[in-house]
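So you know, we letter chains A, B, ... as the sequences are listed, proteins then strands, and number each from 1. Values below: every heavy atom of this structure, side chains too, minus hydrogens, waters and symmetry copies. Worth saying up front: this structure is predicted, and the values here are computed from it rather than measured.
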Amino acid sequence: MTLPADAETASRTDAGGRPRRRASSFARLVSDPLGALGLGLIVLTVIGALLAGVTGQDATALNPIDRFQGPSAAHWLGTDNLGRDLFTRVLAGARIALTLSIGATALALVIGVIAGLIAGYGPRWLDNLLLLVFDAMKSVPTVMLALVLVTMTGPSLYAVLLVVVIVNAPAYGRMARTQTLAIRSSEFIEAERSLGAKGGRIMFRHVLPNIIGPILIVAAMDIPVVVGIEAGMSFLGLGVRPPTPSWGSILYDGFSYLRESPWPVIAGGLPIIVTTLGFTFLGEALRDTFDPKIAGRK
Amino acid sequence: MTKTDTMAHGMNRRAFLGRGATLGALAGFGALPSGVLAQTSAENGILTARIYADISNLDPAFWTSAVDALVMRSIYAPALEHETGTEEFRTRPHAFESYEVLDDTRIAFNIRPDMGYSDGYGTMTAKDAKFSFERIADPELDSPYIDDWAALDHVEVTGELSGIIHLKKPFAPLFTTTLPGISGVILPQAAIEAAGGRFSTQPPCFSGPYRIREWTPKTRLTLERNPAWTLDAPEFDEIHLVPIEDPKTAELGFEAGDLDFTETGVSSIMRYKDGAPQGADFKRFEGLNYYWLGINEDNWQLEDQRLRRAIQLAVDRQAVVDAAYLGGATPAAGIVAPGLPGARDVNLYERDLDQARTLLEEAGHGGGFPITISIQQTAENLAAAQVIQANLAEIGIQVQINQYESGTFWSLGVRSEGEQWRDLQLFLMRFSMQPDPSWATMWFTPEQVGIWNWQGFDNAEFGKLHVDAQSELDSARRDEMYVRMQDLMEESGDFVFLNFTPVGALYSQDIVPALRPDGEPVYYEFTRAKG
């Protein structure tokens, strides 16, 4: 028995069983100018990532004779110090940035939420132990952590992924724990317990659906942070290895040769700005849409 | 050779995190100052110049970087000095008033009568010369520069200011790098002993035109006129040396008017050659420092010489140098720069992909194999490594680029620091150089394996030639010996010689820089521009 969730399900459908509230939420989301802009920017980035490889140019092919060209019909964003087409590299970088940011955030979310559920629903000693772990993980500076991990494992996408998981999972865990504590004594949970439901079933079938919404919104807002971490690590030479394009490495190459041509810096910086703004706007719009207090005020 | 020299052209990414983005954005949108420079040399007789790293050791027996040497030239007086403003390296007496070559193993000298020391250590004597030279040659001191005085037998003091250097055998580098170099610096025994026998960044006394007034690590080294200096007074009251690791940042600092003089990045040479900023002049020098791709023959995967040869044959030197230096440099044919004895004209193995593929097949790696290239994090190294990566991909070798910050990089091939040298495969390196070929070859002798010789190049003939060439005074014969040594290096399959790193000097029109033929600044000789 999942009373609140079931009750919510009922309210999501109209008389014909079609989704109702979800459609209206989406309408509210896109009716917010910032939300629509955020969604548009994200869609643009996703399309760019999907189109990577269809420009007819190789993102890693060197052509030094064409280095530092400005934008033209052949090279929409110009070329870098090794004559590589910047537009093609930016699109390829988008694929890496999105794959990594969404994948790493999802992994951090799964780990954090499971740990948070256990902390919130489990025995007190386990709660204290997990809190200690969350706080310990959160206290490590991101750059220091990245340096240590890269020293141990070498620069790679996996190292970036590990950094993101270690940095973000505790935050999701704390949030899940707090929300779990808030509803663990609710009547519907008590009712489940009295019907003999096991802890695992209660946590994942009844508690989780009621706490995941706000955490997902926070996760969406974290995606640009992850994009920033990936770009920052690649800028520092700690992320993806050359010649694989990353927005951070494009930015680094551009910065190194800034006096020769500004285009690589623009090409590397622009998508980071676009993606960051997109996810931030969308996250804020999602929060405004789904937070009953804010929605009520509106 | 000093390890930190590679940082002269490097870029440390972390150094830019705070300031870089702002500077970059400003420069990108043309917001940086581009008008007439307002150099600091106009203010209070101060010359402000960039050094690529901070000082680390100012003991003539234990200095570690080219920056140390650069500073020591202004605060100490070596026996001889290299002239500035000349096309070729020439030496002239400095602390020595005169010298005479009595025969191949005896050199008589006279110290200038008016060479004073700071801090109450009196004036320079022949006893000081004896102490200073024999100190570095003393095996018990364990100076890394013991080879500079490898042939020294003893110094005979014949008078207060006169003496005779006795050599065990003729020693060709004596007048090219030893006496005009840091190993020719003369300091009083009492001062060194008062410092406990050795010192680092706090010299017990000064014998040059300047002395250290203040040192704020990582921020500024301030030199002021040395009152004990009685020869021609230097032009500037003070010299401020600012450590700026990245040459591009230094260029921005210069263009903002914060520096009077800076070495530019090599990749900026063509840009400045086309036009220096208003109020500034630019000069390009053929540098002596050499840059190469090293191949570790002691790595299990590269033990087969055919594989190493295939790599040599696959690398397109011209493309690598073009990519790294944007046309500012040309490919090299060795480690001895043109103009020095032993400079080679051509390499033995030029790019030949068919032969490279054949060798790979013969070695059982027709399908290629994965390999790593280790580099220090700089834009130039990264560009060069990516071209090498593309070159080797053409014969099926998949190269993974590993970037390291300088501290980690410089330990990769040092065998006393762990087992990581075993995993080292390809690497890009640059060594600094003095104007004698022995300075280039001394790092690749069998004794240097695992110290500076990371290739594991262990050739007895090379080692013998290195020793013999130091004693060879016949220039033609010496030339042949150094050419042969570089042939041996290349034949081993352990080296791909890339280039001699040119030097770009950017300076305010308010000053007249004093630069050696390799572009190395001698700050105490800098003057103001007249009129």
More than 12 heavy atoms of other residues, nucleotides or ligands under 6.0 Å from NZ of A:Lys138: yes or no? yes
Around A:Trp263, counting heavy atoms of other residues, nucleotides and ligands shown, do more than 12 lie under 6.0 Å from its CH2? no
Determine, step by step, whether B:Met270 and A:Glu260 satisfy the side chain to side chain contact (heavy atoms under 4.5 Å, CB included) criterion, reporting the C-alpha distance in whole Å, the side-chain angles of both residues, the deciding distance to 0.1 Å, and the verdict. CA-CA 10 Å; B:Met270 294 306 282; A:Glu260 277 72 23; over 6 Å; no
Are side-chain heavy atoms of [X] and [Y] found at a separation under 4.5 Å?
{"X": "B:Gln389", "Y": "A:Arg241", "answer": "no"}
{"X": "B:Glu380", "Y": "A:Ser256", "answer": "no"}
{"X": "A:Leu238", "Y": "B:Gln403", "answer": "no"}
{"X": "A:Phe255", "Y": "B:Lys248", "answer": "no"}
{"X": "A:Arg259", "Y": "B:Glu255", "answer": "yes"}

Measuring heavy-atom distances to chain B, does A:Pro242 have an atom under 4.5 Å in its side chain, in its backbone, in both, or in neither? both
Which portion of B:Val399 sits near chain A, non-hydrogen atoms under 4.5 angstrom: neither
Interface moiety of B:Thr408 toward chain A, non-hydrogen atoms closer than 4.5 Å: neither
Exercise: identify the closest heavy-atom pair between A:Tyr257 and B:Ala324: OH-O, 4.1 Å
To the nearest 0.5 Å, tell me how far [X] [atom1] sits from [Y] [atom2].
{"X": "A:Phe68", "Y": "B:Leu326", "atom1": "CZ", "atom2": "CG", "answer": "5.0 Å"}
{"X": "A:Leu82", "Y": "B:Asp322", "atom1": "CG", "atom2": "CG", "answer": "11.0 Å"}
{"X": "A:Leu236", "Y": "B:Glu405", "atom1": "CG", "atom2": "CD", "answer": "11.5 Å"}

